[in-house]
Amino acid sequence: MKKAIIDPWGTVLIEDYQRAIKEFGISPFDKKILKKLPNPNRLMRRLVVFGHQDLGRIADAIKNKSDFAILTGIMPSAEKLHLGNRMVVEMVQYFQEQGGEAYVLVADLEALATRDISLEEAERRAMNFHIPAYVALGLDPKKTHFYFQSKNKIVRDLAYEFSTKLTLNEFRAIYGNLDAGKIMSVLTQIADILYPQIKKPRPVVVPVGLDQSPHMRACRDVVRRYKKYNFILPSATYHKFTPSLDGNTKMSKSKPNSYISIPEDPEIAGKKVLNAVTGGRKTIEEQKRLGGEPEKCMIFEIYKQHLIENDKELDEIYRRCKSGELLCGEDKARACKLMKKFIEDFNKKFKKARSNVDKLNIISHF
Ligand code: TRP
């Protein structure tokens, strides 16, 4: 079998998360690790978070109330977010509530080196859009340190320092073919991930989608072989992608009707949901007789990942669908209503976060 390589800058289609776990050295997120984490959030309880690396270290820090940090990055390449981006924010929020110190960086150097977006444009997008959107999705701005890669001298210097720790062949083995801009972005991202440890070593967790796993691997390789700072191996959580409403594994930017962007017009979001692929049978008679297939239903997946918080309520929908009692029409009407409400709510919070953007805690002295 051909060894799988993930290109973090390309389209990643993951058909099989279990296979990914085996091939990328990720541990399954299972009941055992779940039990060690207090008040797990919706994504963790439902195993939408499917994998992790060294999360036990973070669980111990939570239990012992010792110091740990959370870090994530936003690349301001697109003008809009999509529903899937919300999961990163919820994971940051979870660890933040458990006592971690949160860092959110704007990957403006990565956007410059890999997408040809100027630093000024990246800043404009981040301040007008990405950062307020993250706040609207639940990030606590008072407890979060923000920074721009281009303005963080410590990160930039560390990236240069790490450049001697990986060979070109190792880059190729992890990423396949890459150019100089991508190599610089990788080194900068490794520096980002280790930045919260620069004053003193401490556990750091990076919540990401599977597309970012090559960066974790490169970063962990650097830590294992470079002892100067005594860095602790960074931990990660991996969540699944939010599927396209048309049934594909990942949302596709080229088919705007197949995913929910945020912000979005609530009416349009509702319509998109009404057109989603479900696990319904060919005829109503057949559905009543055989029951529906929630495992194949995009609406059920969206409930599970985003729209229904209460586990019992979700179980009840599953049961009624399976037994043929709940038909797709009724269910879509509910999903449409919940989605509209979610979007209306988001839009309001976004407006407010945007008008408060100048009060954010953006680190500018390095
Ligand atoms: N590469 C990430 C992206 O494409 C952005 C990023 C930069 C990042 N540095 C990071 C993510 C550190 C997690 C941790 O979105």
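Counting convention: from 1, in listed order, for ligands and their atoms alike. Here the structure is a predicted model, which is why all the values come from computation and not from measurement.
Judged by the 6.0 Å and 45° rule, K228 forms no cation-pi pair with Y226.
From the protein, the heavy atom lying nearest to atom 6 (C) of ligand 1 is Q189 OE1, 3.5 Å. With respect to atom 2 (C) of ligand 1, the closest heavy atom belonging to the protein is Q212 OE1, 3.2 Å. In this structure, the protein non-hydrogen atom closest to atom 13 (C) of ligand 1 is G73 N, 3.5 Å. At the top of the distance list for atom 5 (C) of ligand 1, counting protein heavy atoms only, stands E110 OE1, 3.5 Å. Of all protein heavy atoms, the one lying nearest to atom 9 (N) of ligand 1 is D192 OD2, 2.8 Å.
Under 4.0 angstrom from ligand 1, the non-hydrogen atoms of L105 all belong to its side chain.
Residues T144 and F146 meet the side-chain proximity criterion, which asks for heavy atoms closer than 4.5 Å. Looking only at side-chain heavy atoms (C-beta outward), L158 and I198 come within less than 4.5 Å of each other. Side-chain contact check for Y259 versus T242: every heavy-atom pair is 4.5 Å or farther apart.
The contact set between ligand 1 and M75, taken as ligand atoms under 4.0 Å from a residue heavy atom, comprises 3 (C), 4 (O), 15 (O). For ligand 1 and L71, the ligand atoms under 4.0 Å from any heavy atom of the residue are 12 (C), 14 (C).
With hydrogens and angles disregarded, a donor-acceptor distance shorter than 3.5 Å links the side chain of N310 to the backbone of E313. No donor-acceptor pair closer than 3.5 Å links the side chain of D345 to the backbone N or O of K341.
Of the N or O atoms in H215, none lie within a sub-3.5 Å distance of an N or O in ligand 1.
In this structure, D54 pairs ionically with R220, as a charged nitrogen and a carboxylate oxygen lie closer than 4.0 Å.
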